[in-house]
Amino acid sequence: MTLTRLIVLTVLTHTAFGATRVTGSLYALSNQASAFTVGVMMALFALVPMLLAVRAGRWLDAVGPRRPLLLGVSLMTAGIVLPAAFPYAVADVAPLLVAASLIGTGFLYVQMTIQHVVGERAAPDRRAAAFSYLALGFSTSGLIAPITSGFLIDSVGHRVTFGVFFCVLLVALGLLLSQRGQLADRRGEAQVPAERAFFDLLRHRPVRNILIASGLISMSWDLQTFMVPVYGTRIGLSASQIGLVLGSFAAATFVIRLAMPAISRTWREWQVLTFTLFTGATAFALMPLFSGLMPLMACAFLLGLGLGSAQPNVMSLLHARTPEGRVGEALGLRTTIMNSSHVALPLVFGAFGAVLGAGVVFWLMALLLAGGGIGAVRQERNR
């Protein structure tokens with residue numbers, strides 16, 4: 001299966017994943033669901049994958065990509081049909097909750113497997129570039145999903161919108177079935193010992209360092225998503241102005257990922273991650289000093305340049321530094337860390353922000369990133 005087809009599969013499945021998150025939350029709210037209920041639904045997209053990710057990664061290492069991909073797309077397809085088939089007035093919120101669990105779990109298998117295949121098939125000196133093209137696919141679908149969902153909801157309603165993205169997943173399933181002969185199937189000959197500890201890979205220092213950097217970057221991404229609207233509201237920005245700040249961040253991630261294949265020919269992965277960490281620290285340190293729209297957009301753009309460059313290089317490093325035959329497990333461990341961040345950190349950021357203010361939270365994150373940047377410099381020197 002070529003890189004282009006893998007990216008197309010990524011765009012299709014990630015678009016459906018993102019659209020379900022938007023449509024599901026708006027569908028529940030339109031039926032007078034509480035904010036807590038919507039929060040539980042959103043958490044289910046990450047909670048179940050958080051619990052399954054390492055085991056899923058080990059299974060991927062054992063059996064190859066064909067079965068995990070088929071399982072993932074099938075789970076997503078089954079999940080998205082539920083709220084389309086069962087009206088809210090009849091089944092209440094239950095189809096949305098089950099759909100969130102199925103779609104989140106299915107996308108876990110799809111995402112990890114595609115990342116595994118891209119890393120395996122790319123030449124070591126082209127791996128960062130290959131992951132940059134894949135990241136552009138994620139950026140594209142991340143832009144398409146909310147815009148398309150909003151227009152569809154306004155024009156044809158929530159249930160038909162779910163039906164539209166069910167069709168998108170059917171296209172993804174058809175593409176996958178047409179290409180299944182090009183995906184390896186190892187028939188489970190590389191079974192992982194049952195006694196291996198859940199976090200066993202953290203004992204490998206190179207993997208541990210990569211996952212620490214990845215965790216800091218994930219925390220930063222969650223922080224800007226959650227706290228920028230909070231900070232913008234407190235300083236009097238309108239909803240459209242807050243949207244422009246967030247849009248500036250998204251635009252920067254697209255720009256840097258577009259440039260990453262050229263950057264990867266000059267700079268090594270740890271050098272780019274060092275740039276990510278120090279750039280993020282600078283952006284977060286500056287943000288509380290401004291209350292105007294343009295300076296905040298500039299800070300968000302700087303932050304996007306840093307964080308947007310991280311994923312391709314983290315993925316390249318994981319494939320290069322993980323012990324042979326355990327890349328899927330490493331991807332699962334990274335997914336567990338990221339989803340733990342998605343579930344827990346909004347609560348932590350919200351509590352700290354309520355007590356200390358959003359500005360202090362930004363500065364604390366800047367200190368953490370600066371510390372990670374110093375560690376990355378030492379890592380590069382030791383290498």
Side-chain angles (χ1 to χ4, degrees), residues 13-52 75-108 141-169 221-234 238-240 242-243 246 338-351 353-354 358:
T13 53
H14 190 233
T15 297
F17 174 79
T20 306
R21 286 167 57 92
V22 174
T23 308
S25 60
L26 293 177
Y27 190 28
L29 290 169
S30 71
N31 285 277
Q32 287 75 53
S34 67
F36 175 77
T37 299
V38 175
V40 169
M41 182 184 67
M42 299 303 285
L44 286 174
F45 281 99
L47 180 61
V48 179
M50 178 186 73
L51 300 175
L52 290 179
L75 285 174
M76 294 184 71
T77 307
I80 204 168
V81 79
L82 292 175
F86 297 98
Y88 201 99
V90 173
D92 202 70
V93 76
L96 289 174
L97 297 178
V98 177
S101 299
L102 289 174
I103 292 168
T105 304
F107 188 67
L108 160 75
S141 51
L143 182 63
I144 292 172
I147 296 173
T148 307
S149 299
F151 279 109
L152 284 172
I153 290 168
D154 287 340
S155 57
V156 296
H158 299 89
R159 290 178 61 204
V160 176
T161 300
F162 283 118
V164 170
F165 288 104
F166 168 74
C167 295
V168 170
L169 286 174
W221 204 292
D222 288 337
L223 178 61
Q224 71 85 26
T225 301
F226 183 75
M227 290 303 295
V228 165
V230 173
Y231 179 66
T233 301
R234 288 185 178 178
S238 67
S240 60
I242 292 171
L246 294 173
M338 291 177 64
N339 283 335
S340 300
S341 168
H342 299 334
V343 171
L345 287 183
L347 301 176
V348 175
F349 292 149

Is the closest side-chain heavy-atom distance between Ile153 and Thr23 below 4.5 Å? yes

Contact check, side chains of Ser141 and Phe17, non-hydrogen atoms, under 4.5 Å: no

Minimum heavy-atom separation for [X] and [Y], please, with both atom names.
X     : Y      : value
Ala28 : Leu96  : CB-CD1, 4.0 Å
Met41 : Gly24  : CE-C, 3.3 Å
Ala19 : Ala145 : N-CB, 3.6 Å

Would you find a donor on one side and an acceptor on the other, under 3.5 Å apart, between the side chain of Ser25 and the backbone of Val22? yes

Please list every donor-acceptor pair under 3.5 Å in which a side-chain atom of residues 97-107 meets a protein atom from a residue at least two apart or in another chain.
unit_1, atom_1, unit_2, atom_2, d
Ser101, OG, Leu97, O, 3.3
Thr105, OG1, Ser101, O, 2.7

With [X], which residues qualify under side-chain contact (heavy atoms from CB on, under 4.5 Å), at least two apart?
X     : value
Asn31 : Tyr27, Tyr88
Ala84 : Phe162
Thr77 : Val73, Phe166, Leu169, Leu170
Ala85 : none

Nearest-0.5 Å distance, CG of residue Leu44 to CE of residue Met50: 10.5 Å

